[in-house]
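Each remark here refers to the structure printed beneath this line.
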Amino acid sequence: MEEAAKAKIDASAEDLNALSQDIWSHPELNFNEHHAHEVLTDFLEKEGFKVERKFVLETAFRATFGCDDAGPNVCVICEYDALPGIGHACGHNLIAECGVAAGLAIKAALEANGNKYGKVTVLGTPAEEGGGGKKYLIKANVFDDIAVAMMAHPYRYNVPRPIALSVIALKIKFHGKASHAAASPWDGNNALDAAVMCYQAISNMRQQIKPDCRIHGIFTNGGAAPNIIPEEAELTYYLRALNEGELAIVKRKVLACAEGAALASECKVQFETTFAYANLVSNDGLASIYEDWASSLSVQINTDEKLRRGGSTDMGNVSYVVPSIQPKFAVGQGDGSIHTRSFTVFAGAPEAQAPTLIQAKALALTAIELLQPDGQDKLKKIQQEFKDTISKLTVPE
Ligand SMILES: [Zn+2]
Ligand SMILES: [Zn+2]
């Protein structure tokens with residue numbers, strides 16, 4: 001099964017590269033990934049998968065292959081959305097390529113085994129960059145029959161167990177009362193003053209948060225004109241923490257700052273959450289199998305603790321529903337981390353191809369260990385670890 005998997009990726013390398021290049025040259029944003037959806041589903045259908053297009057969401061898909069009667073269903077995840085203005089600066093074209101390649105390899109392995117045990121699902125998940133596509137799929141119970149989920153994300157280093165923080169994007173809106181700022185300022189309630197006091201209060205409070213928490217915000221409305229006491233003002237913040245429980249503490253402190261500022265300025269305050277992702281819970285058992293395979297494929301794993309730190313991902317939410325891994329892998333030479341123009345170049349460069357396909361092999365070989373009857377014990381351990389870990393955490397809404 002292992003040989004069949006690796007051989008399939010090698011034989012499909014050119015087509016997989018073309019797929020990735022196609023997505024890279026057509027960057028599409030949150031929930032508008034129509035071109036990527038089309039080329040990926042066409043490709044998987046041609047390769048013999050049962051494909052469900054526009055699955056739950058307009059630009060999501062599910063492609064399956066295997067045996068429904070025996071064995072686990074292993075899921076590999078594709079992302080394919082880009083960033084505004086700077087294209088595929090998060091390299092999601094490579095995530096799509098890696099997911100499809102791993103899917104093809106697992107399918108080849110199942111066939112080599114007579115297609116009598118186990119199943120693979122390639123899941124197309126749109127809008128990772130702020131839209132939270134995976135959360136809609138979770139709500140639609142798509143992961144109910146999935147044993148484990150995995151994907152690989154391009155980065156500057158090989159980090160099998162990255163830290164992705166819980167995040168909430170929060171709009172804080174202050175409502176005051178407009179008045180003429182020269183003729184009758186005493187008739188107004190200044191919403192901008194409330195926003196400034198809130199910003200300052202949060203900046204002071206920041207000293208009392210844990211080292212892994214992050215609070216970063218901007219003014220998104222500061223009033224209409226200098227001669228009007230501002231009746232509306234707005235701040236937009238991202239709050240992040242190691243897990244959902246820690247994030248709830250940070251959020252409580254931020255809301256208190258906003259409420260205090262509203263009280264002091266006789267304004268009203270209103271909160272709106274625009275998106276929220278849970279932290280990534282890497283399954284230790286699954287990650288260990290992946291690490292062994294990645295090392296056997298000559299991936300130089302970086303153990304520097306600093307390099308584990310990054311942003312946030314909706315794969316975090318998946319990791320609360322099924323045992324999951326999201327290893328990061330190295331592409332690119334020179335300066336530039338993800339979300340930079342340099343990384344857009346790395347994600348489209350020919351040099352990104354070899355590491356992407358090596359990752360696809362590592363994911364496929366990890367899955368294949370669980371897709372054989374003697375992998376049942378390993379899977380049981382993985383699922384027990386998942387239950388034990390999640391039961392100790394605050395589960396995201
Ligand atoms: Zn990103
Ligand atoms: Zn990304």
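Each ligand, and each atom within it, is numbered from 1 in the order the structure gives.
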- Message: Just checking: H92, one of its N/O/S atoms, less than 2.8 Å away from the Zn ion (ligand 1), yes or no?
- Response: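 So H92 does not bind the Zn ion (ligand 1) by this criterion.
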
- Do any N/O/S atoms of E128 come under 2.8 Å of the Zn ion (ligand 1)?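 So E128 does not bind the Zn ion (ligand 1) by this criterion.
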
- Query: Looking at the Zn ion (ligand 1), which N/O/S atom of E129 is the nearest one?
  - Reply: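 Atom name returned: OE2.
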
Which heavy atom of [X] sits nearest a heavy atom of [Y], and at what distance?
X	Y	result
A362	Y290	CB-CE1, 3.6 Å
V122	G103	CG2-CA, 3.7 Å
A258	I172	CB-CG2, 3.8 Å
M315	I325	CE-O, 3.9 Å

- Item | Atom of H153 nearest the Zn ion (ligand 2) (restricted to N/O/S, atom name only) | NE2

